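What follows is one structure encoded as structure tokens, with my remarks underneath.
Just so it is clear: chains get the letters A, B, ... in the order the sequence lines come, proteins before strands, and each one is counted from 1. Just so we're clear, the structure is a prediction, and the values are computed from it rather than from any experiment.
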Amino acid sequence: MKNKTIKVDYLARVEGEGALLVKIAGDRVAEVQLKIFEPPRFFEAFLRGRDCRETPDITARICGICPIAYQMSAVHAIEQACGVQVGGQIRELRRLIYCGEWIESHALHMFMLHAPDFLGYEDAIQMAKDHPEIVKRGLRMKKVGNEIVTLLGGREIHPVNVKVGGFYKVPRKPDFHHLRENLLTARDEALAHVRWLKNLSFPDFEKSYEFVSLQHPTEYPFNEGRLVSNHGLDIAVEDFDAHFQEEHVAYSNALHCRLKERGAYAVGPQARFNLNFDRLSPLAQEAAREFGLAVPCLNPFLSIVLRSIELLYAYDEALRIIDRYEMPDQPSLEVPFRAGTGRACTEAPRGTLYHRYSIDENGIILDAKITPPTSQNQKSIEDDLRHFVGPRLHLPHKELTWQCEQAIRNYDPCISCATHFLKLELQRD
Amino acid sequence: MKKRRKPKLAVWKFASCDGCQLSLLDCEDELLTVVGAIDLAYFPEATRAVLKGPYDLSLVEGSITTQHDAERIHEVRRASKYLVTIGACATAGGIQALRNFKNVKEFISVVYASPEYISTLSHSTPISYHVAVDYELRGCPINKLQLVEVINAFVNQRKPAIPSHSVCVECKMRGNVCVMVARQTPCLGPVTHAGCGAICPAYDRGCYGCYGPMEAPNAHSLGNHLVQLGMKSEDISRVFRTYNAFSDPFRQASEIHEK
């Protein structure tokens with residue numbers, strides 16, 4: 001057997017600029033590199049000296065696909081630093097806007113970025129020629145997410161209404177009327193879509209993982225909870241830095257995050273599903289069972305189904321929040337500054353997003369650290385490819401390359417997010 | 001009527017958050033119509049397929065921050081009949097242009113773990129610093145309907161109908177109460193380019209300038225007014241130094257109030 005190389009110089013249908021290199025020596029995989037060449041933008045550096053109230057607006061600009069995740073992690077971390085906890089309807093509205101982002105992001109990924117792989121199309125536009133109803137359904141389902149974020153945030157990308165302490169302005173109950181109708185329709189479509197996904201064939205591939213996600217006592221996680229894993233991790237978010245470590249590798253502009261004790265781990269829908277199945281709404285649990293999903297789900301190619309289950313949950317949860325909504329007296333709480341450090345994890349569509357800020361008594365940021373989900377998944381992505389490629393070396397080169405791309409897209413990697421966090425303190429570890 | 005060849009559209013990414021190119025995929029109602037009228041010849045975020053250039057219209061997202069990108073933008077220009085920048089990064093250098101105000105050597109040594117792994121330029125610059133640009137669409141992020149209008153205009157060889165007045169005009173059109181007059185809330189609306197639809201004042205906050213300077217703004221005068229509203233110098237400097245910090249009018253206003 002001779003040596004060969006699988007190379008994808010510019011990964012398509014992922015957010016940002018990345019490349020893949022798999023080196024094969026004889027019949028074994030010698031090396032896998034997920035290269036991220038997206039230029040770094042230095043957010044942690046220029047956050048120093050900014051007013052901590054600017055963090056939701058500024059960190060949103062790390063990612064145009066999941067700005068809400070950045071806004072939520074930022075405001076919760078600053079509020080924690082200042083000793084403020086937001087409850088009641090403002091807390092509920094934060095869950096609601098997060099539902100909107102999950103819907104936008106999951107629908108984008110499932111229909112526009114991932115589904116074409118399963119059906120053998122280069123993109124969703126080509127797929128739309130043969131499956132117009134599926135693509136149109138996806139666009140309709142996605143649009144409801146945009147509606148939620150636009151109603152609560154002002155616009156779908158980089159919304160303007162989230163602030164430390166709550167919102168600038170909160171909706172009146174009748175504002176939800178039209179949205180509610182659309183959510184009911186979308187929930188039905190999501191249910192139909194989970195059933196349609198049974199038509200796809202999924203590569204036969206399973207692997208053991210350490211899954212990590214937030215876990216709340218009763219809710220499927222968005223903004224609160226402890227960090228848990230299926231290998232015994234159970235820590236408060238404040239202890240993140242004691243258990244997780246980032247490494248700088250030469251071929252990537254994004255740091256690789258690992259568990260200090262055990263190495264690679266995975267975050268995202270698969271981790272959330274496996275760790276929080278019983279916190280899903282009854283409808284979402286039932287749809288998962290009907291599909292034949294069980295905990296643990298160890299095939300990463302099934303992530304497209306898990307996203308559809310989370311999508312269904314997001315519609316369900318949004319309806320629950322809207323139906324119980326009462327307009328709060330104040331759109332936000334006062335957050336008096338005090339010197340200190342605050343930390344928060346929230347569940348971005350792609351997985352856990354960690355923010356840490358140290359501020360002075362005037363609310364000026366002294367230090368910032370941001371660990372996005374894709375940096376946490378990089379090692380898992382590379383591990384998946386290492387195991388996936390070996391038994392498939394007999395496949396034609398083109399087909400194997402495409403399947404490798406698909407395996408990367410299982411994680412919905414957001415490379416724009418992953419690249420900005422080359423930090424001095426990472427080297428101190 | 002003779003069937004015309006479909007124009008070829010390319011979407012290029014430089015240093016950015018992907019939000020502006022995502023705006024195209026966020027056009028749920030228009031997307032299939034738009035792609036019916038054009039060929040998506042190069043758009044890696046959406047497709048594996050690549051058609052060879054030249055391209056009739058190139059949309060460029062992101063700013064130039066590396067030597068490699070400074071060279072790549074010339075290739076993009078050569079391959080494009082029309083080149084349109086989309087968003088604050090491509091048009092003004094973006095939030096990452098905040099590095100332009102720092103002592104670069106010190107900045108890099110503080111931030112980078114292993115500088116030898118990284119290649120970066122000392123400044124983040126707009127596309128127009130490097131090549132000729134046919135049109136600049138503003139916003140952080142851009143307005144998706146304005147994007148559809150720009151694509152439509154270039155495909156049909158006409159001028160885009162995009163107003164260049166201030167956010168104040170949009171505020172009046174939307175029927176907002178002026179947050180600065182009524183509540184003394186600091187607002188960059190009077191100097192900021194229209195396009196967002198005056199969202200921030202509609203949500204009870206001041207405009208924070210994400211569309212960058214309007215045509216011929218008087219940022220100096222607004223800065224003085226913000227002083228009268230009781231804002232501290234460093235705060236005024238900061239509000240001009242965000243997503244369009246390196247655009248001349250905002251840069252100058254921020255420098256006047258820099259301590």
Side-chain angles (χ1 to χ4, degrees), chain A residues 10-17 38-46 50-51 54 57-58 61-65 67 104 108 112-113 122-126 128 135-136 139-140 142-143 146 154-158 160-161 163 168-169 248-250 253 255 331 402 405 414 416 422-424 426-427, chain B residues 13-23 25-26 28-29 31-32 35 40 43-50 62 65-66 68-69 94-96 98-99 102 107 109-114 116-120 124 140-144 196-197 199-200 202-205 208 210 235 238 242-243:
Chain A
Y10 197 129
L11 286 165
R13 281 189 271 127
V14 299
E15 293 93 5
E17 298 181 287
E38 173 103 12
R41 295 195 292 148
F42 315 112
F43 276 81
E44 284 96 338
F46 57 65
R50 302 296 301 206
D51 188 314
E54 295 180 292
D57 293 329
I58 291 180
R61 267 67 184 190
I62 292 171
C63 179
I65 294 97
E104 289 177 334
L108 173 76
M112 310 293 287
L113 311 183
E122 304 262 22
D123 56 52
I125 311 299
Q126 292 183 29
V135 173
K136 282 181 193 163
L139 290 170
R140 281 196 302 272
K142 178 172 176 308
K143 197 177 164 190
N146 288 357
R155 60 183 171 199
E156 53 275 72
I157 300 172
H158 304 332
V160 302
N161 193 25
K163 67 184 280 197
Y168 288 91
K169 187 178 182 178
H248 194 177
V249 295
N253 284 358
L255 295 171
W402 192 331
E405 287 180 46
C414 183
S416 306
L422 297 155
K423 281 284 295 174
L424 182 66
L426 305 165
Q427 285 297 296
Chain B
K13 177 187 157 62
F14 292 84
S16 67
C17 79
D18 286 47
C20 289
Q21 53 175 313
L22 179 72
S23 300
L25 300 180
D26 264 347
E28 287 86 9
D29 296 333
L31 182 65
L32 294 178
V35 298
L40 273 188
F43 188 6
E45 184 156 315
T47 178
R48 302 175 85 237
V50 175
T65 60
T66 65
H68 175 255
D69 280 354
I95 183 100
Q96 56 273 21
L98 290 178
R99 78 177 71 172
K102 303 277 178 177
F107 186 84
S109 73
V110 168
V111 177
Y112 280 118
S114 309
E116 69 276 14
Y117 293 167
I118 300 294
S119 88
T120 191
S124 166
C140 180
I142 55 170
N143 176 327
K144 66 183 184 184
C196 64
I199 304 168
C200 286
Y203 279 78
D204 290 349
R205 70 180 287 193
Y208 62 88
C210 68
D235 291 333
R238 220 182 267 126
T242 58
Y243 318 100

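For B:Tyr208, the part sitting under 4.5 Å from any heavy atom of chain A is the side chain, from C-beta outward, and nothing else. Looking at A:Arg50, both its backbone and its side chain come within 4.5 Å of chain B, counting heavy atoms on both sides. Interface residue A:Asn146: only side-chain heavy atoms are found under 4.5 Å from chain B. The contact between B:Ala46 and chain A is made entirely by backbone atoms, counting heavy-atom distances below 4.5 Å.
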Side chain to side chain contact (heavy atoms under 4.5 Å, CB included), that's the test. Do A:Asp123 and B:Leu40 meet it? Break it down for me.
CA-CA 10 Å; A:Asp123 56 52; B:Leu40 273 188; 5.8 Å; no
Could you check A:His158 against B:Tyr243 for side chain to side chain contact (heavy atoms under 4.5 Å, CB included), going step by step and ending with a plain yes or no?
CA-CA 12 Å; A:His158 304 332; B:Tyr243 318 100; over 6 Å; no
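The side-chain heavy atoms of A:Arg155 and B:Asp26, taken from C-beta on, include no pair separated by under 4.5 Å. The shortest side-chain heavy-atom distance between A:Leu139 and B:Leu31 falls under the 4.5 Å cut-off. Using a 4.5 Å heavy-atom threshold, the side chains of A:Lys143 and B:Asp29 count as touching. In this structure the side chain of A:Glu104 never reaches within 4.5 angstrom of the side chain of B:Leu22, judged on heavy atoms. Within the 4.5 Å cutoff, no side-chain heavy atoms of B:Ser124 are placed close to those of A:Arg41. Between A:Ile157 and B:Lys144, the closest side-chain pair of non-hydrogen atoms is not below 4.5 Å.
The two atoms that bring B:Tyr203 and A:Lys169 nearest to each other are O-CB, 3.7 Å, heavy atoms only. Closest approach of B:Leu25 to A:Lys142, counting heavy atoms only: O-NZ, 3.8 Å.
Interface check for chain A: of the options B:Ala49, B:Pro141, B:Cys196, the most heavy-atom pairs under 4.5 Å are formed by B:Pro141. In terms of non-hydrogen atom pairs under 4.5 Å with chain A, the most contact-rich of B:Val35, B:Asn143, B:Asp235, B:Thr242 is B:Val35.
Residues passing the side chain to side chain contact (heavy atoms under 4.5 Å, CB included) test with A:Tyr168 are A:Asn161, A:Lys163, B:Arg205, sequence neighbours excluded.
A donor-acceptor distance shorter than 3.5 angstrom exists from the side chain of A:Arg61 to the backbone of B:Cys140, with no hydrogens or angles considered.
Judged by the 6.0 Å and 45° rule, B:Arg99 forms no cation-pi pair with A:Phe42.
Here the CD atom belonging to A:Glu54 is positioned 6.0 Å from the CZ atom belonging to B:Arg238, to the nearest 0.5 angstrom.
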